[in-house]
Amino acid sequence: MKLFISADMEGISGVATNVQLKKESEYQRFRKLMTEDVNAAVDGAFAAGADEVVVCDGHGNMSNILIEELDPRAQLISGNNRVMCQLEGLDETFDGVFFVGYHGREGGGYRGVINHTLAGICVEQIRINGRPVGEAEMNAGVAGRFGVPVLLVTGDDVLEKEVKQTLPEAETVVVKQGVDRFAARLLSPEKARRMIREKAMRAVERRREIPPYRIGTPVTYEIDFKATNQALMTTTLPTVEQIGPKTIRFTLDDPVTAYKHMWGCVIIAMSATNGVLGHVNA
């Protein structure tokens, strides 16, 4: 049995503000907390009978998890040049996927902790087939294309409410209650890890009861960016139509191809934020 873990950082136990995740602040502390939350999920998976677990680091530069402190039974995908973003390495050979340390989408709730959608510097909202989605829903649709169900999601209470609309059968762990975008009521990391391990075990045991999440095809993405220049520059891709000053749209037949296309648009938009060649003569 193979399991895939996609791990983010904003929804990790103990995290309340984005300052804690900046390298000049408390980042090293929170790398350890991220690694330990992931270890709890890995341990629960193996306790329930997993033979192989692959962990994909999916936060920021995607090289946050401390390999020397990761459960040695797991393999780690680390580094940031990826065509599949938070899902690099996922395919149809996996029996289930966990989303550990995830967060709510930007504007999805009044109190979602560090809520954003993929790239806070440029993305205001992403819609798939007309429905606003966060990273969990987007990634669940890609996993579903491979026939892989989302078994476990951990994060705050706002995230739980969001994902239950799309993934009602998935096990969830609420490790914090949102107070504000940059404030939270936190469980102790020790208690949170016990909960993650227990729910990971239950999720694996229930894996045959949890269906993959399928999105309808063809797949239409609409992305609202935060600035006009970000939207305009994505139209260098001939498949992209600009339908408003800050909004683009494209339609593709396959959920995986559409996801890659979305990620390409976000990469372009991030690069365009201060001018794509603005740094060349700096």
Side-chain angles (χ1 to χ4, degrees), residues 1-8 11-13 37-58 70-77 84-104 128-129 131 133-157 159-175 192-217 219 254-259:
M1 183 185 6
K2 287 179 64 177
L3 292 176
F4 188 94
I5 298 177
S6 175
D8 208 345
I12 291 299
S13 63
D37 274 18
V38 169
N39 279 343
V42 171
D43 191 41
F46 278 109
D51 301 299
E52 182 179 345
V53 175
V54 176
V55 177
C56 182
D57 190 329
L70 183 66
D71 188 311
R73 295 170 293 181
Q75 300 171 49
L76 177 64
I77 296 173
M84 287 296 288
C85 193
Q86 295 173 314
L87 298 177
E88 190 69 38
L90 180 67
D91 60 27
E92 64 279 352
T93 66
F94 286 88
D95 297 289
V97 60
F98 296 172
F99 296 155
V100 174
Y102 269 50
H103 53 81
I128 297 178
N129 295 340
R131 182 181 176 207
V133 296
E135 293 164 32
E137 293 89 346
M138 281 192 289
N139 291 348
V142 174
R145 168 64 178 80
F146 291 123
V148 180
V150 178
L151 304 180
L152 174 72
V153 182
T154 81
D156 69 10
D157 58 319
L159 172 69
E160 182 185 51
K161 290 176 184 175
E162 287 182 23
V163 300
K164 282 298 185 182
Q165 298 176 37
T166 303
L167 309 168
E169 300 298 326
E171 295 289 337
T172 55
V173 180
V174 175
V175 302
R193 290 170 202 148
R194 286 200 304 267
M195 294 167 59
I196 292 169
R197 184 184 185 279
E198 290 168 3
K199 285 295 188 80
M201 289 179 63
R202 177 167 168 75
V204 173
E205 290 164 355
R206 293 185 55 237
R207 66 190 182 281
R208 294 186 179 89
E209 304 171 20
I210 302 174
Y213 173 61
R214 311 280 189 178
I215 59 176
T217 54
V219 184
D254 175 65
V256 175
T257 304
Y259 180 86

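Just so it is clear, the values below take in all heavy atoms, side chains as well, and ignore hydrogens, waters and symmetry mates.
Asp37 pairs by the salt bridge (Lys or Arg N to Asp or Glu O under 4.0 Å) definition with Arg193, not counting sequence neighbours. Under the rule for a salt bridge (Lys or Arg N to Asp or Glu O under 4.0 Å), the partners of Arg197 that lie at least two apart in sequence or sit in another chain are Asp43. Here Glu52 pairs with Gln75 under the side-chain hydrogen bond (donor to acceptor under 3.5 Å, both in side chains) rule; sequence neighbours left out. By the salt bridge (Lys or Arg N to Asp or Glu O under 4.0 Å) test, Asp51 pairs with no residue at all, sequence neighbours left out. Qualifying side-chain hydrogen bond (donor to acceptor under 3.5 Å, both in side chains) partners for Tyr102, counting only residues two or more places apart in sequence or in other chains: Ser6, Asn139. With sequence neighbours excluded, no residue satisfies side-chain hydrogen bond (donor to acceptor under 3.5 Å, both in side chains) with Glu162. Scored by the side-chain contact (heavy atoms from CB on, under 4.5 Å) test, Glu160 finds Lys164, Thr172, Val174 as partners (sequence neighbours excluded). Considering only residues two or more places apart in sequence or on other chains, Arg214 meets the side-chain contact (heavy atoms from CB on, under 4.5 Å) condition with Pro212. With sequence neighbours excluded, the residues satisfying side-chain contact (heavy atoms from CB on, under 4.5 Å) with Ala48 are Met201, Val204, Glu205. The salt bridge (Lys or Arg N to Asp or Glu O under 4.0 Å) test applied to Arg194 returns Glu190, not counting sequence neighbours.
Between Leu152 and Val173 there is a side-chain heavy-atom pair separated by less than 4.5 Å. Within the 4.5 Å cutoff, no side-chain heavy atoms of Met195 are placed close to those of Val175.
Between the Asn39 side chain and the Asp71 main chain, a donor and an acceptor come within less than 3.5 Å of each other.
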Identify every side-chain donor-acceptor pair in residues 90-100 under 3.5 Å, counting partners at least two apart or on other chains, and give the distances.
{"from": "Asp91", "atom 1": "OD1", "to": "Thr93", "atom 2": "N", "distance (Å)": "2.9"}
{"from": "Asp91", "atom 1": "OD1", "to": "Thr93", "atom 2": "OG1", "distance (Å)": "2.5"}
{"from": "Thr93", "atom 1": "OG1", "to": "Lys2", "atom 2": "NZ", "distance (Å)": "2.8"}
{"from": "Asp95", "atom 1": "OD2", "to": "Lys2", "atom 2": "N", "distance (Å)": "2.9"}

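The list of side chain to side chain donor-acceptor pair (under 3.5 Å) pairs with a residue in residues 142-155, not counting sequence neighbours, reads Arg145-Asp254.
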